[in-house]
Asks: 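Can you keep this structure in mind? I'll have questions shortly.
First listed ligand is number 1; within each ligand, the first listed atom is number 1.
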Amino acid sequence: MIPDTTDYQAVFNELANQAQQIDDVGEVASYIPELQRIDSDKFGIHLTTVDNRNFGVGDSQEKFSIQSISKVLSLVLAIKLVGGKLWQRVGVEPSGTPFNSLIQLELEKGIPRNPFINAGAIVVCDVLVSLLDDPKQQLLEFVREITDDQTIDYNIVVAESERKTSYINTAHINLMKAHGNIYNDIDTVLELYFHLCSIEMNCYELAQTFLFLAYQGVNPFTNKQVLTVSASKRINAIMQTCGFYDEAGEFSFKVGLPGKSGVGGGIIAIRPGKYCIAVWSPKLNAKGNSYKGMKILEYFTTRTQCSIF
Ligand code: DON
């Protein structure tokens, strides 16, 4: 591997200036009351390279709700447990619809288009509930092991806030249960899903956690094989095509990296062979992705002239 000598800190200093000048017309997610309490002006970035160089600016050490970014982690665990059999119950096609849309799910008889829309992530949780004795605890231990950080945790207040407003997710799981694609008790599966979404990390922790996807499935610091080379390729592929719901094309077009967003305002993106970058800015665009985060990542890959394309 050719050593990457890019001065990312200089680029980040430019980005921080750039970020201040962006007229952020986004809005903080309000459909989960607990997420609305966040200071909407927060902004952080962190990048970790596969040879362990670290660069950060802004609120990169402050934890936030990573929300749907965690769907990558539950997917990784499910693939480790059941391998390719997972694809009998969830597809790998972009949905082109919002993350919580029910329309396709009815037409496609309870088989979600991909594991990152809510329905797909709920099926993944069902798989974990079937196979693990204590799914909530074991999922958390798995995340802590990948991250090599025992302090990573659920935010139970956010999980509870999510549960109280879970009307659409409840509709999803009922529809899939009716079609025979949910095997376990609905409340047990949703409980795992709400906790999954409530995991908290800061930008530094996110960049460290997902670095294995930039290094063919291996955590370059611990040398632990999180996934096979082939499975790591597939996760990156699904992030590239489905990581931003009905804005996946736009992210691919403007940023050019596999990535995943969450309604907490976080985005991670992977440059295979080089780095993982995490951005946090809580105000979301109309598609539910961080408004400023998308713009800053576009600026970043344009400025460094480095994407996967
Ligand atoms: O199920 C939900 O509504 C959320 N907790 C997760 C959604 C999410 O982050 C979608 N992302 N961009």
Asks: Not counting sequence neighbours, list each pair that qualifies as a salt bridge (Lys or Arg N to Asp or Glu O under 4.0 Å) and has a residue in residues 72-89.
Replies: R89-D126
Asks: With H46, which residues qualify under ring-ring contact (aromatic ring centres under 6.0 Å, His included), at least two apart?
Replies: Y204
Asks: Could you tell me if K260 sits above the aromatic ring of F116, with its cationic atom closer than 6.0 Å to the ring centre and no more than 45 degrees from the axis?
Replies: yes
Asks: Within the 3.5 Å criterion, strictly below it, is a donor on T228 or S230 matched to an acceptor on the partner's side chain?
Replies: no
Asks: Got a sec, which pairs hit ring pair (Phe, Tyr, Trp, His ring centres under 6.0 Å) with one end in residues 285-309, sequence neighbours left out?
Replies: Y8-F300, F12-F300, Y275-F300
Asks: So does E298 pair up with K295, basic N to acidic O under 4.0 Å?
Replies: no
Asks: Near ligand 1, which residues have a heavy atom under 4.0 Å away from one of its atoms?
Replies: Y31, I32, Q67, S68, F99, N118, E162, N169, Y193, C197, Y245, S261, G262, V263, G288
